[in-house]
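Each chain gets a letter, A, B and so on, in the order its sequence line appears, and its residues count up from 1. What you are looking at is a predicted structure, and each value in this text was computed from that prediction instead of being measured.
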Amino acid sequence: MDIRRLYRSAYRIRRVEEEVARVYPTDKVKSPVHLSIGQEAVSVGLCEALRPTDTVFGTYRGHALYLAKGGDLKRMMAELYGKATGCSKGKGGSMHLVDTAAGMMGTSAIVGMAVPQAVGYAMACAMRKRDVLTVAVFGDGAMDEGVLGESLNFAALKKVPVLFVCENNLYAVHSRVEARHAKDLCAIPRAYGIPARSVDGSDAVAVYKACRRAAASAPSFVECRTYRWREHVGPNEDYDKGYRTRREARPWFKRDPVQLLARRLDAGVREGLEREVEAEIAEAFRFAEESPFPGPQELLTDAY
Amino acid sequence: MDIRRLYRSAYRIRRVEEEVARVYPTDKVKSPVHLSIGQEAVSVGLCEALRPTDTVFGTYRGHALYLAKGGDLKRMMAELYGKATGCSKGKGGSMHLVDTAAGMMGTSAIVGMAVPQAVGYAMACAMRKRDVLTVAVFGDGAMDEGVLGESLNFAALKKVPVLFVCENNLYAVHSRVEARHAKDLCAIPRAYGIPARSVDGSDAVAVYKACRRAAASAPSFVECRTYRWREHVGPNEDYDKGYRTRREARPWFKRDPVQLLARRLDAGVREGLEREVEAEIAEAFRFAEESPFPGPQELLTDAY
Amino acid sequence: MERLLTYTEAVREALEVEMARDPRIFVMGLGVDDFKAVNGTTAGLAQRFGPSRVFDVPLSEDAMTGVAIGAALAGLRPVHVHIRMDFLLLAMNQLANMAAKARYMWGGSVSVPLVVRAIIGRGWGQGAQHSQALHSLLMHIPGLRVVAPSTPHDAKGMLIASIREDNPVVFVEHRMLADLKGPVPQKPYALPFGRATVVEEGGDLTLVGVSHMLQECLRAAALLRTKGLSAEVIDPVSLSPLDAETIARSVRKTKRLVVADCAWTACGAGSEILASTAERLGGGFKARRLGLAPVACPTTRVLEDLFYPNSRTIASAAYALATGDESWRPEAGDAPEISQFKGPC
Amino acid sequence: MERLLTYTEAVREALEVEMARDPRIFVMGLGVDDFKAVNGTTAGLAQRFGPSRVFDVPLSEDAMTGVAIGAALAGLRPVHVHIRMDFLLLAMNQLANMAAKARYMWGGSVSVPLVVRAIIGRGWGQGAQHSQALHSLLMHIPGLRVVAPSTPHDAKGMLIASIREDNPVVFVEHRMLADLKGPVPQKPYALPFGRATVVEEGGDLTLVGVSHMLQECLRAAALLRTKGLSAEVIDPVSLSPLDAETIARSVRKTKRLVVADCAWTACGAGSEILASTAERLGGGFKARRLGLAPVACPTTRVLEDLFYPNSRTIASAAYALATGDESWRPEAGDAPEISQFKGPC
Ligand SMILES: Cc1ncc(C[n+]2csc(CCOP(=O)(O)OP(=O)(O)O)c2C)c(N)n1
Ligand SMILES: Cc1ncc(C[n+]2csc(CCOP(=O)(O)OP(=O)(O)O)c2C)c(N)n1
Ligand SMILES: [Mg+2]
Ligand SMILES: [Mg+2]
């Protein structure tokens with residue numbers, strides 16, 4: 001574990017998303033964006049526990065995971081801009097990022113759907129004796145879907161080397177987790193025989209440690225408690241909409257996952273990293289801006 | 001609770017199904033039959049705990065539940081014979097019995113599918129302030145389906161007055177429950193906040209007591225451990241097929257649910273009940289035999 | 001004086017007036033009671049009718065459809081709302097194996113008065129999984145009714161009819177119709193199932209537009225007029241049952257049929273319309289289907305614009321059918337509901 | 001000397017020979033390793049290839065489809081077996097929202113080499129939920145391939161092709177074809193997607209039969225010969241892609257098209273075939289679809305017999321199309337695979 005690496009990754013994600021939010025009103029990003037601002041420590045801590053060859057399956061709220069796992073930033077930005085150079089050639093947008101070379105499987109916008117796929121991927125790697133850990137990352141909303149129970153059951157039954165990471169940001173769109181579950185989420189994996197623990201999802205180091213331990217005894221489950229700072233979809237805040245309050249958010253702002261890491265580095269090191277990252281981001285946005293849109297012939301390619 | 005009533009019901013179910021198995025080779029019943037022989041105590045004990053106005057949702061293995069709940073025997077036999085006088089007018093067969101007047105909702109042949117319907121039915125009764133208990137009866141196989149978890153979660157969340165009864169006969173077709181679940185089935189409802197207990201499903205009195213108690217604190221869950229004596233579908237035994245042994249079955253034969261009740265009655269009473277039942281069965285088969293098949297115009301009726 | 005409402009307002013009004021009339025009606029679905037109120041279509045209902053009749057649900061489309069069916073079996077009249085039709089793929093078992101079959105398979109013992117509202121997404125990079133128009137899957141299943149009104153007037157009348165219907169109805173809306181304004185009578189009215197509307201009369205060819213494509217067909221008809229062709233424009237409104245007779249009558253006259261659907265063409269509503277017309281007419285007409293390109297919906301705007309039929313491609317195909325000239329490419333702006341639409345969702 | 005195999009044996013042989021060739025192939029599904037071996041189609045495979053390549057699964061169609069997709073994404077080649085096609089309704093989300101779209105939506109980054117075997121049930125009171133033929137639902141979704149071979153020869157060749165294909169394929173079998181015998185070459189061979197077979201040549205009308213209905217069409221052709229009509233009988237074999245050209249070529253000649261499907265007609269394979277023929281021919285032919293009655297499948301034999309098309313109803317419809325005489329009701333026995341079929345399942 002390397003705090004500098006953790007900070008660099010978290011800072012980079014935060015800044016990329018802030019920039020996405022900033023340019024959003026220009027309508028250059030014609031794609032729904034689900035930002036992870038406030039939730040960075042989950043992806044960052046998790047990916048610190050993984051090797052480049054390990055594979056993660058994520059969701060439409062996938063910028064953080066994609067970047068933390070080593071997905072190409074330029075190609076992500078080009079994807080958001082709908083460009084031919086995008087990681088999905090402009091056909092996927094923000095919700096369908098992919099970088100298989102970095103172990104980032106494509107993300108999906110149907111809640112819960114990728115989880116059994118991660119189980120199957122892990123099973124296949126085990127069958128082929130490939131030393132790969134597969135991770136399913138999903139929100140608290142996915143815990144409502146029956147396919148989660150089915151997936152947990154199968155993983156437990158077949159001892160599939162898969163790590164389940166539930167990014168519990170307390171809401172599915174505007175619906176609180178307590179309005180959707182009578183009990184603690186960790187009870188569900190346990191019922192199927194999957195060990196589960198809950199961890200402070202604002203603390204990248206805690207997430208890293210929990211995931212490292214869980215990875216060693218996969219199938220296993222880690223719940224990361226975290227908080228989404230922006231609206232469910234889009235660049236703005238939404239504390240005035242009635243479903244939650246800024247007051248509720250304040251303790252989470254105080255435990256800003258990026259700042260928690262920043263505090264552990266000395267200013268000089270930090271600023272060096274930040275400069276690097278800013279340059280990379282500027283370059284990535286430029287790349288996205290300057291890249292061409294796909295030509296009309298692209299409509300029918302990659303169909304089969 | 002009345003042992004005579006329990007015995008009469010169990011004996012009646014056993015004998016009806018034995019007769020179904022006996023006539024089956026004549027091909028008059030052109031319908032898959034899933035017999036409950038050996039499992040009678042579950043339906044009998046459960047229905048002893050219910051009022052006529054309570055409603056049960058069952059499965060394709062539904063003769064026992066239908067009869068225990070008070071479904072019309074003649075119309076059931078006519079249904080198996082494909083006759084116009086059948087409870088589903090000959091359109092449903094053995095797998096789709098129904099007698100709404102008796103609180104027997106139609107049964108379904110897709111595993112697990114009726115469970116959320118029972119939850120919705122129970123919710124609706126509560127919304128309409130109808131004093132009805134709704135029961136979902138399903139096999140251990142249904143516990144594999146994601147819709148079970150979703151249904152348990154919703155029932156717990158909304159405190160829906162529904163009773164879940166899992167008829168665990170250890171197999172789904174030829175697949176043992178341990179080959180499909182790493183853990184105890186009762187852990188699943190508990191994970192969602194539904195109290196669950198397991199009961200000896202050969203003992204109608206034990207089932208009755210457990211269901212009565214569970215009914216008082218619905219939503220709740222009762223697992224009834226039982227054993228299917230015949231093949232999954234069809235009239236025969238199948239201990240020579242390799243997936244299970246007669247040796248495994250023997251302890252279950254010894255705890256024959258019908259005999260367990262018989263022993264608690266004196267011979268005279270018992271024989272009186274049996275004579276009545278035999279006459280009723282003979283009459284029902286005659287009714288089925290003699291009833292007409294539906295006319296061709298029936299093909300398109302009840303479509304909308 | 002005509003009273004103008006948007007499609008969204010018409011849907012909302014139908015729900016409200018029916019809920020006020022019949023206490024058995026309730027509305028459930030993700031987000032029906034939140035501040036966005038499913039694009040405004042359920043706005044104020046939770047406030048007026050309370051949380052027992054308007055409630056959010058967990059993300060459990062399969063079980064929630066079963067819950068709705070169970071409630072319908074118990075005599076209530078649920079309206080189950082899905083903000084994207086794509087999510088119905090999780091509910092297919094309950095819809096096709098139970099809602100559609102319960103009445104028949106149980107010999108008429110029960111009814112399932114269920115309405116499933118499903119909104120077709122489009123635009124702003126909704127992409128592969130948030131833009132699907134899957135009505136043909138449901139049209140295939142007997143026991144279901146499927147309607148896809150394209151105007152505020154029909155939205156109100158068909159939603160009221162759907163709620164009053166004793167069989168399951170899938171009520172298909174389209175996001176690009178949400179802000180469309182049109183005359184809507186104040187008092188409640190139910191429109192019949194299985195009746196198409198001849199929206200514009202014409203003699204040279206028949207244009208049938210499904211859901212939002214009806215709007216594009218109307219624009220295409222205007223383009224065709226500039227070339228001297230008069231199109232009869234038909235809105236099927238009800239897809240199952242389908243008013244094949246009205247369409248056939250038109251094609252008997254025009255001898256040319258173009259169907260534009262906001263869905264894929266293979267085994268789509270357009271296939272059904274062409275096939276049922278072919279059976280009725282026994283030849284003597286030319287036909288063409290327009291629909292989505294046979295791929296998943298791409299997100300980038302340049303490809304998305306090519307993915308969907310529009311007034312220009314419809315007019316061009318119709319012109320080719322009528323004249324044999326495949327080269328006409330009319331100029332026309334993009335539909336305002338599309339070009340002016342802004343996300344983020 | 002011709003080597004005769006049943007359809008079941010042909011399917012089994014295709015699986016076995018491919019599994020022996022390529023260790024990445026595995027078979028999963030309810031009951032694939034039990035003594036019934038999915039009507040014998042997987043018999044001996046668990047013994048030969050072991051439990052890691054042939055395994056039973058929990059009753060979790062949704063997740064198991066996802067597991068199969070995940071394994072395919074990791075480079076394996078799963079064959080997922082469903083003893084009844086009805087159960088695919090639980091897998092529609094995974095199939096349509098993921099298997100079909102992954103390649104396109106991720107810009108060609110991945111492949112999903114998945115085969116889903118789905119058996120259409122029929123007879124002995126299978127009833128509403130164990131007899132459905134849902135291929136048209138899958139034909140509607142781009143990104144999937146759908147094949148429905150009707151002979152042992154084509155079953156082997158198309159299953160091998162499906163297993164070797166880098167895109168998801170739904171391989172549709174029919175229970176009434178299981179015991180059909182026919183010549184099957186010993187050595188492995190792959191048949192192409194998108195190629196129909198002209199099974200019998202004829203000049204008066206074109207009969208297209210989907211899956212088991214091909215057999216009924218062949219019998220109908222024999223009945224029609226007794227009335228002096230010569231039918232060209234076509235087996236589409238591959239439904240998506242569909243060889244619409246071969247069918248159109250035949251109809252150009254015969255001017256009459258009858259499609260018989262073992263599914264419902266609305267938005268069905270027959271609709272697609274009529275529509276694509278209408279587009280190609282621009283009129284000049286008569287057409288009719290035959291399919292299931294528009295209700296759930298009844299269990300009692302007297303209604304079940306009316307529910308399905310058969311050689312007599314096909315011949316009668318074809319005769320009416322050709323002559324205008326709707327009154328001919330040929331006499332013929334029931335198909336042996338139907339009349340001799342015995343349950344209990
Ligand atoms: C199956 C399904 N149902 C509903 C939706 C609509 N939807 C999109 S995101 C979302 C919330 C998911 O919440 P959660 O899993 O907690 O993830 P978060 O957005 O909080 O990261 C919902 C309901 C969907 N995409 N898929
Ligand atoms: C969703 C679904 N998957 C598979 C089947 C095939 N099937 C029919 S019965 C059955 C076994 C169900 O086992 P269980 O729930 O334990 O009930 P039992 O037959 O033991 O009473 C299976 C797999 C089905 N009917 N529905
Ligand atoms: Mg969340
Ligand atoms: Mg069982």
Side-chain angles (χ1 to χ4, degrees), chain A residues 24 27 29-34 60 79-84 86 88-96 108-113 139-147 172-176 179-181 231-236 238 240-243 293-296 298-304, chain C residues 29-38 46-47 51 55-66 83-84 86-91 93-94 121 123-132 292-308 339-345:
Chain A
Y24 206 75
D27 294 349
V29 176
K30 285 197 182 55
S31 183
V33 289
H34 301 78
Y60 53 89
E79 190 59 39
L80 267 67
Y81 276 67
K83 299 299 180 75
S88 301
K89 299 189 185 163
K91 294 173 178 178
S94 163
M95 301 201 288
H96 304 302
S108 163
I110 303 290
V111 173
M113 187 167 60
D140 50 294
M143 295 300 292
D144 308 8
E145 293 284 355
V147 76
V173 193
H174 313 122
S175 175
R176 284 187 71 86
R180 294 176 287 109
H181 286 270
E231 56 189 338
H232 168 69
V233 55
N236 301 311
D238 64 355
D240 58 342
K241 301 300 186 188
Y243 77 98
F293 285 107
E298 272 297 317
L299 180 66
L300 299 177
T301 59
D302 299 319
Y304 285 95
Chain C
L30 290 168
V32 295
D33 61 355
D34 72 11
F35 70 92
K36 291 202 173 170
V38 192
Q47 289 71 17
F55 56 88
D56 192 33
V57 296
L59 284 76
S60 307
E61 286 79 1
D62 186 0
M64 290 307 107
T65 308
I83 198 164
R84 289 289 183 286
D86 312 66
F87 309 154
L88 283 192
L89 290 165
L90 283 158
N93 181 49
Q94 290 287 345
W124 210 262
Q126 293 296 305
Q129 298 172 334
H130 275 58
S131 63
Q132 287 171 93
L292 307 178
V295 290
C297 179
T299 46
T300 188
R301 190 56 169 267
V302 290
L303 298 181
E304 206 185 42
D305 284 344
L306 299 170
F307 176 73
Y308 289 98
S339 57
Q340 288 161 23
F341 184 84
K342 269 188 69 161
C345 67

In terms of heavy-atom proximity below 4.5 Å to chain C, should [X] be classed as side chain, backbone, both, or neither?
X        : value
A:Val147 : neither
A:Ser108 : both
A:Tyr60  : neither
A:Ala109 : both

With a 4.5 Å cut-off on heavy-atom pairs, point out which of [options] contacts chain C the most.
options                              : value
A:His96, A:Glu79, A:Lys83            : A:His96
A:Ser88, A:Pro296, A:Gly242          : A:Pro296
A:Val233, A:Val173, A:Leu80, A:Val33 : A:Val233
A:Gly82, A:Gly86, A:Gly90            : A:Gly90
A:Ser175, A:Ala179, A:Gly92          : A:Gly92

Heavy atoms only: give me the nearest [X]-[Y] pair and the separation to one decimal.
X        : Y        : value
A:Asp144 : C:Ser60  : O-OG, 2.7 Å
C:Trp124 : A:Pro32  : O-CD, 3.1 Å
C:Glu61  : A:Glu145 : OE1-OE2, 2.6 Å
C:Pro298 : A:Leu299 : CG-CD1, 4.0 Å
A:Leu300 : C:Ala293 : CD2-CB, 4.2 Å
C:Thr299 : A:Gly93  : OG1-N, 3.0 Å

With a 4.5 angstrom heavy-atom cut-off, is it the side chain or the backbone of [X] that approaches chain A, or both, or neither?
X        : result
C:Leu89  : neither
C:Glu304 : neither
C:Asp34  : side chain

Give the intermediate values and the outcome of side-chain contact (heavy atoms from CB on, under 4.5 Å) for residues A:His174 and C:Asp56.
CA-CA 10 Å; A:His174 313 122; C:Asp56 192 33; over 6 Å; no

Could you check A:Met113 against C:Gln129 for side-chain contact (heavy atoms from CB on, under 4.5 Å), going step by step and ending with a plain yes or no?
CA-CA 11 Å; A:Met113 187 167 60; C:Gln129 298 172 334; 3.3 Å; yes

Take C:Lys342 and A:Lys30 through the test side-chain contact (heavy atoms from CB on, under 4.5 Å) and record every step on the way to the result.
CA-CA 8 Å; C:Lys342 269 188 69 161; A:Lys30 285 197 182 55; over 6 Å; no

Kindly write out the residues that satisfy side chain to side chain contact (heavy atoms under 4.5 Å, CB included) with A:Glu298, not counting sequence neighbours, or none if the list is empty.
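Once residues adjacent in sequence are excluded, the partners of A:Glu298 under the side chain to side chain contact (heavy atoms under 4.5 Å, CB included) criterion are A:Lys89, A:Lys91, A:Pro294, A:Thr301, A:Asp302, C:Leu303.
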
Does A:Ser94 have any side-chain hydrogen bond (donor to acceptor under 3.5 Å, both in side chains) partners at least two apart in sequence or in another chain, and if so, which?
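With neighbours one apart ignored, the set is A:His63.
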
Inter-residue atom distance A:His34.NE2 - C:Cys345.SG, 0.5 Å rounding:
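SG of C:Cys345 is found 7.5 Å from NE2 of A:His34.
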
